[in-house]
Amino acid sequence: MTTFTTHPVSLKTLLNQIEAGHIQLPEFQRGWVWDDYRIRALLASISRGFPIGAVMTLQAGGNIKFKTRLVEGVDSSRANESLSQFLLDGQQRLTSLYQALKYEGPVNTRDSRNKRIKRWYYIDMIKAADDSTDREEAVVSVPEDRRITRDFGREETLNLSTRENEYQHHMLPTECIFDPMGWMLGYLEYWQAKADKHPFGNPISFWGRFNEHIINAFAEYDIPVIDLAKQTPKEAVCTVFEKVNTGGVTLTVFELVTASFAADDFALRDDWDARRSRMHAAFGVLRGIEGEQFLQAVTLLATQEQRRRKQREQPGAPPNQVPRIGCQKRDILSLTLAEYVAWADEVERGFEQTAKFLHSQFVFKLQDVPYNTQLVPLAALFVELGSELTPADANARLEHWYWSGIFGEVYGGAIETQYALDLAEVAEYVRRGSLPRLITEATFSPERLISLRSRISAAYRGLYALQMKSHATDWRTGKALNVTAYHDDPIDIHHIFPVAWCKANPPIPEWLYNSIINKTPIDAETNRRIGGRAPSGYLPLLRRHNARLDETLRSHWLNPDLLEGDDFSGCFIERGEQMLGLISRAMGRNISGREVFRSALIRGMPEGWGPDDEADVDGLPEFDDFEDAEPDYDEIGLVAYSDEGVGSLRVTPTRSGGQARVRQ
């Protein structure tokens with residue numbers, strides 16, 4: 001069913017409706033921001049009958065209720081007038097035209113430097129009558145005192161501060177265009193006495209031509225209006241601001257709900273700001289949560305309650321007659337204020353429990369959260385399950401789902417439908433052990449370890465959180481990489497075989513040495529000691545500070561003997577398998593990748609540096625074009641520790657004679 005009509009409305013009618021308060025702006029519309037140049041160009045376009053685009057309105061009186069405000073410049077007493085339409089698209093143009101053509105004061109605008117200024121607008125009648133002159137030159141703006149000066153105000157070039165001066169310079173104020181009679185009589189009277197000095201000789205004839213070509217252009221100007229019917233759903237209004245309202249800011253779902261709640265005198269923005277401040281101050285991992293995600297969690301729970309209520313009222317009702325659980329745009333826009341108030345406090349507590357859960361998974365900072373999006377269903381689940389998550393087996397099932405989502409890389413796209421599945425299926429899994437689809441369908445390919453090279457990946461972040469959870473220790477101090485060390489020491493991800501060494505001995509390709517398999521959490525001090533040295537060069541330095549270094553290396557899934565022998569290939573295979581083992585345990589499935597890693601080394605390593613036997617490389621993905629997004633820190637140590645005998649970059653040969661081979 002068509003919910004809109006399109007028809008022309010005269011500019012004068014639209015501005016009169018704005019002045020009367022019949023057309024108002026929804027509160028969510030941003031303020032008027034057009035600058036002086038754009039206003040002059042707009043007036044010039046109308047004077048020539050050029051199109052300036054359509055505007056869009058929404059009929060008032062339907063189910064959509066917005067808190068409104070008057071167009072800037074309209075008398076505030078008009079706020080209580082009978083509202084007939086909301087102005088959805090065209091605010092900037094119509095406000096500019098109202099200010100220039102109807103408002104009795106100077107126009108509040110900005111100059112080319114974005115500085116606030118006040119301007120009066122005029123039509124230079126002489127230039128406007130000259131078809132060879134650019135019409136924009138005929139539209140003139142002057143300061144609030146109606147004087148234009150130069151030489152820092154010492155020389156006055158134009159003074160329009162009196163009506164006689166306006167007549168003398170043939171400058172028609174734009175606020176007189178729709179009602180020009182009084183100004184015209186004064187102009188003709190002024191020039192009748194000195195007609196011989198008028199540029200066109202006869203002032204009456206000149207006025208007639210100006211009136212026909214310029215004033216009538218404004219009086220007869222029509223603007224196409226797309227008028228949305230009062231039954232238009234909120235989702236369609238939101239889409240207007242996403243797709244159509246290119247001249248303004250994109251309207252978010254949160255802003256539209258804010259405007260809707262404001263009609264019931266509830267300040268959603270203030271309520272959310274207070275909740276956000278509390279959550280962000282208490283838990284750094286929640287600093288990525290914004291208003292729309294909070295509304296998503298509220299809506300999930302509200303729609304679930306609607307579904308349960310319907311099922312109680314009509315047991316056995318067909319599925320298509322029972323409300324669905326969801327948090328898509330249309331679901332959020334259907335959220336009532338009563339539902340928000342009923343669930344908001346519980347959702348806030350749900351996010352707090354989510355933060356504590358992340359800490360238990362060794363995720364402590366916002367930049368280390370694998371999927372910020374996954375926190376929405378997590379918060380809803382903590383509300384839904386509450387104390388049911390206290391038993392160890394229940395919490396283990398929640399962890400199983402959490403890590404399956406990360407390594408299955410589920411939450412990177414359009415995931416609102418997944419949220420609804422999570423709330424229902426994960427709760428059922430925790431309560432009764434029925435595996436949710438996410439767990440049964442989530443997969444992790446061994447090749448993915450080779451292509452993981454940047455912390456922008458959820459799997460990349462997740463893997464190192466798991467490493468800390470599995471009791472990895474700091475290379476230099478031997479302290480556990482727990483929350484204390486993580487906050488007290490500058491832990492970051494660095495190369496095990498430094499980039500400088502990999503480029504020279506042997507020339508290992510970037511797509512191999514930048515893989516996550518060759519990276520691990522190391523504090524900044526240790527990384528400076530490593531510098532660009534081979535492992536056989538930096539391990540003795542580290543042993544001076546950590547007598548249990550071999551144990552530390554094993555906690556990073558590194559074989560000390562292979563690392564001491566500078567055996568890149570051996571370390572790559574063995575460490576890759578250890579990582580896959582950790583992921584396998586987190587996801588509850590068996591993943592093997594030894595042959596994948598061997599094949600990658602055969603294809604990537606120079607001749608004589610790979611395994612002696614053949615391996616199948618046909619199925620291995622191409623990684624060469626992958627751009628690593630991380631900075632290279634390895635050469636910092638060469639400068640910081642030059643007093644320990646490293647004066648310039650050098651390569652340390654392997655203990656086996658310079659050839660790092662794959663262990664058979």
J.: Which residues pass the side chain to side chain donor-acceptor pair (under 3.5 Å) test with Gln328, sequence neighbours left out?
T.: Arg330, Thr417

J.: Please work out which of the three classes, parallel, tilted or perpendicular, describes the rings of Tyr187 and Trp207, given edges at 30° and 60°.
T.: tilted

J.: Kindly indicate whether the side chain of Glu136, heavy atoms from C-beta on, has any atom under 4.5 Å from the side chain of Val139.
T.: no

J.: After noting the C-alpha distance and the side-chain angles of Leu188 and Ile204, does the key distance pass the side-chain contact (heavy atoms from CB on, under 4.5 Å) rule?
T.: CA-CA 7 Å; Leu188 294 179; Ile204 297 177; 4.2 Å; yes

J.: Cut-off 3.5 Å, side chains only: do Ser10 and Asp222 have a donor facing an acceptor?
T.: no

J.: Could you tell me which non-hydrogen atom of Gln293 sits nearest to which non-hydrogen atom of Phe351, and how far apart they are?
T.: O-CZ, 4.3 Å

J.: Using the ring centroid of each side chain, check whether Phe206 and Trp191 are separated by less than 6.0 Å.
T.: no

J.: Does anything in residues 187-201 pair up under salt bridge (Lys or Arg N to Asp or Glu O under 4.0 Å), and if so which pairs, sequence neighbours excluded?
T.: none

J.: Is there a donor-acceptor pair under 3.5 Å between the side chain of Asn16 and the backbone N or O of Lys12?
T.: yes

J.: Is there side-chain contact between Asn108 and Glu72, with heavy atoms separated by less than 4.5 Å?
T.: yes

J.: So, Glu212 and Arg209, do they make that salt bridge, N to O below 4.0 Å?
T.: no

J.: CD of Glu137 to CG of Asp134: how many Å apart, nearest 0.5 Å?
T.: 5.0 Å

J.: Less than 4.5 Å apart, any side-chain heavy atom of His170 and any of Ile123?
T.: no

J.: Could you check if a side-chain atom of Thr157 sits within less than 4.5 angstrom of a side-chain atom of Thr149, using non-hydrogen atoms only?
T.: no

J.: How about Arg40 and Tyr121: do any of their side-chain heavy atoms sit closer than 4.5 Å?
T.: yes

